[in-house]
K.L.:
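Input: one structure, supplied below.
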Amino acid sequence: MELDDLRSLDRLQCLKLYNDLLEGGDKEALRWLARSDRFFLLGCLMMRPDVLERDWCFTRCREVEADPEGHLDLWSRFHYKSTIITLAGTVQEILKNPDITIGILSYNKQIAHKFVDQIRRALEMQELVSLFPDILYEKPPRLNWSTQGGLIVKRRSNPKEPTVSGSGLVDGQPIGAHYALRIYDDVVVP
């Protein structure tokens, strides 16, 4: 299947495709889908059935995938911004390129670390580890796998930055860090 063919399917057609592929167990097809389809990654591999049930989430995943950069996403609170963009987007970028470095920047480091912890739990899910043993650890090393210090997956390069880390904008702002991707999430407080 080509990416354009996938993008032409509606939510119910995608759900049927996902079911067929999961039942068939073709690991290469599932790996391609995880890297190409955020809705599949989030709903099926990261075990978020609430996402699969919502046309809103399907449409937002497609919208973000079509044009991911240079936008200020002003969706209402509790409309899956962090889930689709920060969580699933970060995991998907890591699966596409394990050498990437990603900085999650929030109002303070406590908020950013919550995002990193959620990403950590996702990267430890057996569904992902079994599909991506070349990238994810069955048992992550303690030294390079913490919410505060950052997460480092299996990678070919050795940048000084972790694969993903979180920092605050008003406290704990990173000095000298060079991220290939910066994600700003919850940069203001009520």
Side-chain angles (χ1 to χ4, degrees), residues 1-98 100 102 104-106 111-112 114-132 135-136 151 153 163-164 166 180-188:
M1 173 173 273
E2 296 293 321
L3 193 55
D4 288 340
D5 297 332
L6 178 65
R7 297 286 182 257
S8 71
L9 302 177
D10 66 25
R11 183 178 66 85
L12 295 178
Q13 291 169 322
C14 282
L15 293 176
K16 181 178 181 340
L17 172 70
Y18 302 162
N19 188 54
D20 292 346
L21 287 172
L22 288 166
E23 284 182 4
D26 180 347
K27 282 196 171 193
E28 284 309 309
L30 294 172
R31 283 171 61 100
W32 178 83
L33 203 55
R35 290 174 168 148
S36 305
D37 187 342
R38 198 173 296 202
F39 189 67
F40 169 76
L41 174 65
L42 188 55
C44 296
L45 298 181
M46 295 170 65
M47 303 303 171
R48 291 292 303 266
D50 58 313
V51 169
L52 294 176
E53 298 167 357
R54 291 177 166 80
D55 283 321
W56 167 266
C57 292
F58 177 78
T59 304
R60 296 297 74 77
C61 283
R62 293 296 184 254
E63 180 181 84
V64 169
E65 288 169 331
D67 194 13
E69 303 301 326
H71 297 279
L72 176 62
D73 297 290
L74 296 174
W75 313 344
S76 299
R77 291 190 76 59
F78 306 109
H79 276 71
Y80 292 85
K81 288 184 303 296
S82 297
T83 301
I84 292 170
I85 297 169
T86 305
L87 173 61
T90 298
V91 170
Q92 192 174 57
E93 290 299 326
I94 292 167
L95 298 179
K96 289 180 188 177
N97 175 15
I100 195 169
I102 302 171
I104 309 287
L105 301 159
S106 298
I111 296 170
K114 286 180 183 178
F115 289 123
V116 174
D117 191 53
Q118 188 179 26
I119 293 162
R120 178 193 57 80
R121 290 190 314 270
L123 295 175
E124 292 174 352
M125 295 184 81
Q126 190 56 44
E127 293 77 11
L128 287 175
V129 172
S130 65
L131 278 179
F132 294 94
I135 298 171
L136 304 175
L151 312 172
V153 299
T163 305
V164 63
L181 176 62
R182 290 183 312 275
I183 300 173
Y184 297 88
D185 197 329
D186 284 344
V187 296
V188 296

K.L.:
What residue among Q118, M125, R121 forms side chain to side chain contact (heavy atoms under 4.5 Å, CB included) with M46?
P.N.:
M125

K.L.:
Does A88 have any side chain to side chain contact (heavy atoms under 4.5 Å, CB included) partners at least two apart in sequence or in another chain, and if so, which?
P.N.:
R38, L42

K.L.:
For the atom pair OG (S130) and CG (L45), what is the distance rounded to the nearest 0.5 Å?
P.N.:
8.5 Å

K.L.:
If the condition is side chain to side chain contact (heavy atoms under 4.5 Å, CB included), which residues does D20 pass it with, not counting sequence neighbours?
P.N.:
K16

K.L.:
Contact between L131 and K27 at the side-chain level, heavy atoms closer than 4.5 Å - yes or no?
P.N.:
yes

K.L.:
Hey, could you give me the CG/OG1 distance between L87 and T90, rounded to the nearest 0.5 Å?
P.N.:
7.5 Å

K.L.:
Can R120 and D117 be counted as an ion pair, charged N to O under 4.0 angstrom?
P.N.:
yes

K.L.:
Flag the pair S82 / F115 as yes when at least one side-chain heavy-atom distance between them is below 4.5 Å, and no otherwise.
P.N.:
yes

K.L.:
Would you give the length of the straight line joining atom CG of L12 to atom CG of L17, rounded to the nearest 0.5 angstrom?
P.N.:
12.5 Å

K.L.:
Under 4.5 Å between any side-chain heavy atoms of W32 and L6, yes or no?
P.N.:
yes

K.L.:
What's the verdict on salt bridge (charged side-chain N to carboxylate O under 4.0 Å, His left out) for R31 and D26, showing C-alpha distance, side-chain angles and the deciding distance?
P.N.:
CA-CA 9 Å; R31 283 171 61 100; D26 180 347; over 6 Å; no

K.L.:
Quick one: are Y18 and D37 in side-chain contact, heavy atoms under 4.5 Å?
P.N.:
yes

K.L.:
Would you say that L105 contacts R182 through its side chain, given a criterion of any heavy-atom pair below 4.5 Å between the two side chains?
P.N.:
yes

K.L.:
Please step through side-chain contact (heavy atoms from CB on, under 4.5 Å) for the pair V164 and I104, ending with a clear verdict.
P.N.:
CA-CA 7 Å; V164 63; I104 309 287; 3.9 Å; yes

K.L.:
Could you state the interatomic distance from CZ (R7) to OG (S36), rounded to the nearest 0.5 Å?
P.N.:
7.0 Å

K.L.:
Looking at side-chain heavy atoms only, is the closest gap between I102 and I119 below 4.5 Å?
P.N.:
no

K.L.:
Can you name the closest pair of heavy atoms from C14 and L9 and give their distance?
P.N.:
SG-CB, 3.7 Å

K.L.:
Out of curiosity, D10 CG to R62 CZ, how far, rounded to the nearest 0.5 Å?
P.N.:
10.0 Å

K.L.:
To the nearest 0.5 angstrom, please state how far the CG atom of L128 sits from the CG atom of L30.
P.N.:
11.0 Å

K.L.:
Between E65 and Q92, what is the shortest heavy-atom contact and its length?
P.N.:
OE2-NE2, 4.0 Å

K.L.:
So, using side-chain hydrogen bond (donor to acceptor under 3.5 Å, both in side chains) as the criterion, who are the partners of R48 when residues are at least two apart?
P.N.:
D50

K.L.:
Quick check: closest heavy atoms across I84 and C57, and the distance to 0.1 Å?
P.N.:
CD1-O, 3.9 Å

K.L.:
Mind checking whether V153 and L136 have side chains closer than 4.5 Å, heavy atoms only?
P.N.:
yes

K.L.:
How would you list, by chain and number, every residue that makes a side chain to side chain contact (heavy atoms under 4.5 Å, CB included) with N19, sequence neighbours excluded?
P.N.:
E23

K.L.:
Which label fits F39 and F58: parallel for a plane angle under 30°, tilted from 30 to 60°, or perpendicular past 60°?
P.N.:
perpendicular

K.L.:
Just wondering, do I85 and D185 contact through their side chains at under 4.5 Å, heavy atoms?
P.N.:
no

K.L.:
What residues, two or more places apart in sequence or in another chain, satisfy side chain to side chain contact (heavy atoms under 4.5 Å, CB included) together with E53?
P.N.:
none

K.L.:
State which residues pass side-chain hydrogen bond (donor to acceptor under 3.5 Å, both in side chains) with R11; sequence neighbours excluded, sorted by chain then number.
P.N.:
D55

